[in-house]
Number of protein chains: 2
Amino acid sequence: MAKDDRPAVAPRMPGHLIRRLHQVSTRVFGQRLKAAGIDLTPIQFAALDALRAHPGIDQAGLAEAVAKDRATIGGVADRLEQKGLVTRIVSERDRRARELTLSEAGRRILAAAEPVVTALQHEILPGLNEAEYAQFVALAAKAAAAAEEGDTTA
Amino acid sequence: MAKDDRPAVAPRMPGHLIRRLHQVSTRVFGQRLKAAGIDLTPIQFAALDALRAHPGIDQAGLAEAVAKDRATIGGVADRLEQKGLVTRIVSERDRRARELTLSEAGRRILAAAEPVVTALQHEILPGLNEAEYAQFVALAAKAAAAAEEGDTTA
DNA sequence: GCAGTATGGTATGTATACATATCATATCGG
DNA sequence: CCGATATGATATGTATACATACCATACTGC
């Protein structure tokens with residue numbers, strides 16, 4: 001036995017590469033934001049960002065915008081509310097729904113975080129020059145858009 | 001207020017795109033493997049794959065190979081051992097270390113999973129043609145390699 | 001207007017992922 | 001040989017991420 005030792009195949013698959021880049025991204029994000037004195041995770045930042053663009057959106061809408069998962073967004077909304085960054089009120093139009101809105105503190109922390117987040121994006125893809133970086137973003141955006149098309153989280 | 005409504009910026013950042021592709025990847029992987037009657041997560045598959053390439057490696061080495069995090073790999077190793085896919089024995093050379101090896105069952109499930117995993121890779125990047133797919137993989141591999149160079153998880 | 005169904009949220013359980021602390025064992029310097 | 005330090009692993013706590021099940025409320029059709 002131990003006969004079929006052969007190079008691992010996973011490391012060359014896109015799924016594996018994406019997982020590793022995701023780890024790099026999460027780590028860089030955490031380090032830079034912490035260094036800037038801001039306590040936000042990537043998803044929390046994305047949620048605040050989406051909330052600024054769509055004030056009063058409900059959790060399902062926010063899930064659609066950033067995460068595709070209502071259960072996860074529920075937890076994210078919990079933490080953002082606990083930190084006082086968003087307000088959560090029961091919709092009058094639909095008593096099942098909770099409408100989310102940025103608080104002043106939420107607006108401030110988002111404004112503080114945005115330049116930091118923008119600045120760290122290139123660190124996520126080290127070793128790529130400008131042209132390669134732009135190409136990666138274009139390809140990733142195309143794939144992500146296509147994934148949402150034919151999917152609808154079916 | 002609600003003055004500065006403007007398009008969300010996060011969706012165009014590589015960090016955000018990578019997170020979404022990671023979600024797509026995880027979902028596709030889970031669906032296809034489940035459909036094939038195989039109960040493995042992406043990391044578990046990567047771990048088995050690395051174990052075939054490096055039999056007898058310890059957990060720190062496996063972490064280096066697939067995940068960069070010893071604590072996480074500890075949990076993964078727990079589950080693989082519980083499923084009977086790997087054996088974990090205390091190293092004679094270093095009594096702190098646990099050497100991991102594929103069991104026969106581990107070898108079988110890896111052999112069964114590999115073609116399924118290979119086949120689903122293109123589904124992770126829908127909407128990309130062959131050339132674009134190859135380009136994405138090349139760029140991602142370059143970035144991931146660079147991230148490991150200048151980093152050493154310092 | 002009521003049954004059937006769809007939808008918004010929450011609760012629960014599993015699996016990463018990582019930081020930090022702690023423990024056991026090696027190894028190195030002197 | 002011994003103290004200082006490094007390293008392998010585990011324990012704990014937080015935060016995604018998702019499936020499944022469930023509850024509350026809407027909506028639809030008859």
Side-chain angles (χ1 to χ4, degrees), chain A residues 15-16 18-31 33-34 39-47 57-64 66-83 88-100 151-154, chain B residues 15-16 18-31 33-34 39-47 57-64 66-83 88-100 151-154:
Chain A
H16 189 79
I18 288 167
R19 184 174 66 80
R20 297 181 89 145
L21 290 179
H22 182 241
Q23 288 178 343
V24 172
S25 170
T26 304
R27 180 168 58 241
V28 169
F29 191 101
Q31 287 172 350
L33 273 279
K34 185 177 175 184
D39 179 30
L40 279 184
T41 65
I43 294 82
Q44 289 169 10
F45 172 78
I57 198 176
D58 66 15
Q59 291 184 195
L62 183 57
E64 176 70 20
V66 306
K68 304 246 123 209
D69 188 276
R70 285 179 306 158
T72 300
I73 283 300
V76 173
D78 280 348
R79 287 170 220 114
L80 290 176
E81 188 183 26
Q82 264 187 334
K83 293 184 193 175
R88 192 146 56 151
I89 60 171
V90 174
S91 168
E92 295 183 8
R93 176 182 52 67
D94 182 341
R95 302 227 317 275
R96 294 168 306 181
R98 281 92 214 274
E99 294 175 352
L100 302 174
D151 172 76
T152 319
T153 315
Chain B
H16 190 80
I18 288 167
R19 184 174 66 81
R20 298 181 88 141
L21 290 179
H22 183 241
Q23 289 178 339
V24 172
S25 170
T26 304
R27 181 167 58 241
V28 170
F29 191 102
Q31 287 173 349
L33 273 280
K34 185 177 176 186
D39 179 28
L40 280 184
T41 65
I43 294 84
Q44 289 170 9
F45 171 77
I57 199 176
D58 66 15
Q59 291 184 192
L62 183 57
E64 175 72 18
V66 307
K68 304 247 124 206
D69 188 276
R70 285 178 306 159
T72 301
I73 283 300
V76 174
D78 279 348
R79 286 169 221 116
L80 290 176
E81 189 183 26
Q82 264 186 332
K83 292 185 193 175
R88 191 145 57 151
I89 61 171
V90 173
S91 169
E92 294 182 8
R93 175 183 52 68
D94 183 342
R95 303 229 313 276
R96 293 168 305 182
R98 280 89 213 275
E99 294 175 352
L100 302 174
D151 171 75
T152 320
T153 315

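Remember, it's a predicted structure, so these values are computed and weren't measured experimentally. Side chains are part of it too, since the values below use all heavy atoms of this structure and drop only hydrogens, waters and symmetry mates. To find a chain, count down the sequence lines: A is the first, B the second, and so on, and within it residues start at 1.
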Nearest listed nucleotide, side chain of A:R27, among C:dA19, D:dA19, C:dG9
C:dA19

Using whole Å, what does the distance between atom C1' of nucleotide D:dA26 and atom CG of A:D58 come to?
13 Å

Interatomic distance where CD1 belongs to A:I73 and C1' belongs to C:dG8 [whole Å]
13 Å

Look at the side chain of B:T26 and the backbone N and O of B:H22, then say whether any donor-acceptor pair between them is shorter than 3.5 Å.
yes

Please evaluate the base of D:dG8 for a donor-acceptor partner in the side chain of B:R70 within a cut-off of under 3.5 Å?
yes

List for me each residue that meets side chain to side chain contact (heavy atoms under 4.5 Å, CB included) alongside B:V28, sequence neighbours excluded, and say none if there are none.
B:V24, B:R32, B:L120, B:E123

Under 4.0 Å between any heavy atoms, over every strand shown, what does B:A71 touch: base, sugar-phosphate, or nothing? Just pick one.
base

How does protein reach along nucleotides 24-29 of chain C, written 5' to 3' as B (base within reach of a heavy atom under 4.0 Å), S (only sugar-phosphate), or - (no contact)?
BBS---

Between C:dC18 (P) and A:F29 (CZ): distance, integer Å:
15 Å

So for the helix from C:dG1-D:dC30 to C:dG30-D:dC1, with five pairs setting each end axis, what is the inter-axis angle to 10°?
20°

B:T72: what forms a side-chain hydrogen bond (donor to acceptor under 3.5 Å, both in side chains) with it, not counting sequence neighbours?
B:D69

In whole angstroms, the gap separating P of D:dA9 from CD1 of B:I89 amounts to 12 Å

Could you pull out the protein-nucleic contacts involving nucleotides 14-17 of chain D (nitrogen or oxygen on both sides, under 3.5 Å)?
{"residue": "D:dT16", "atom": "OP1", "partner": "A:T41", "partner atom": "OG1", "Å": "2.5"}
{"residue": "D:dT16", "atom": "OP2", "partner": "A:Q44", "partner atom": "NE2", "Å": "3.0"}
{"residue": "D:dT16", "atom": "OP2", "partner": "A:R79", "partner atom": "NH1", "Å": "2.4"}
{"residue": "D:dT16", "atom": "O5'", "partner": "A:R79", "partner atom": "NH1", "Å": "3.2"}
{"residue": "D:dA17", "atom": "OP2", "partner": "B:R19", "partner atom": "NH1", "Å": "3.1"}

Over how many whole Å does the gap from A:Q31 atom CD to C:dT20 atom P extend?
10 Å

Just how far, in rounded Å, is C1' of C:dG9 from CG of A:L62?
13 Å

Results of side-chain hydrogen bond (donor to acceptor under 3.5 Å, both in side chains) for B:K83 - residues two or more places apart only:
B:Q44

Identify whether any heavy atom of B:A60 sits under 4.0 Å from a base atom; if not, whether one sits that close to sugar-phosphate; answer base, sugar-phosphate or nothing.
sugar-phosphate

Are OP1 or OP2 of D:dT10 and a side-chain N or O of B:Q59 less than 4.0 angstrom apart?
yes

For a quick test of reading the model: is some side-chain N or O of B:R98 closer than 4.0 Å to OP1 or OP2 of D:dT10?
yes

For B:T41, which residues count as a side-chain hydrogen bond (donor to acceptor under 3.5 Å, both in side chains) partner, sequence neighbours excluded?
none

Just the rounded figure in Å: distance from P of C:dA19 to NZ of A:K34.
9 Å

side-chain hydrogen bond (donor to acceptor under 3.5 Å, both in side chains) involving B:E99 - partner list, sequence neighbours excluded
B:S91

For A:R19, what residues pass the salt bridge (charged side-chain N to carboxylate O under 4.0 Å, His left out) criterion, not counting sequence neighbours?
none

Partners of B:R70 by side chain to side chain contact (heavy atoms under 4.5 Å, CB included), sequence neighbours excluded?
B:A60, B:A63

Could you pull out all residues at least two apart from B:R96 that satisfy salt bridge (charged side-chain N to carboxylate O under 4.0 Å, His left out)?
B:D94

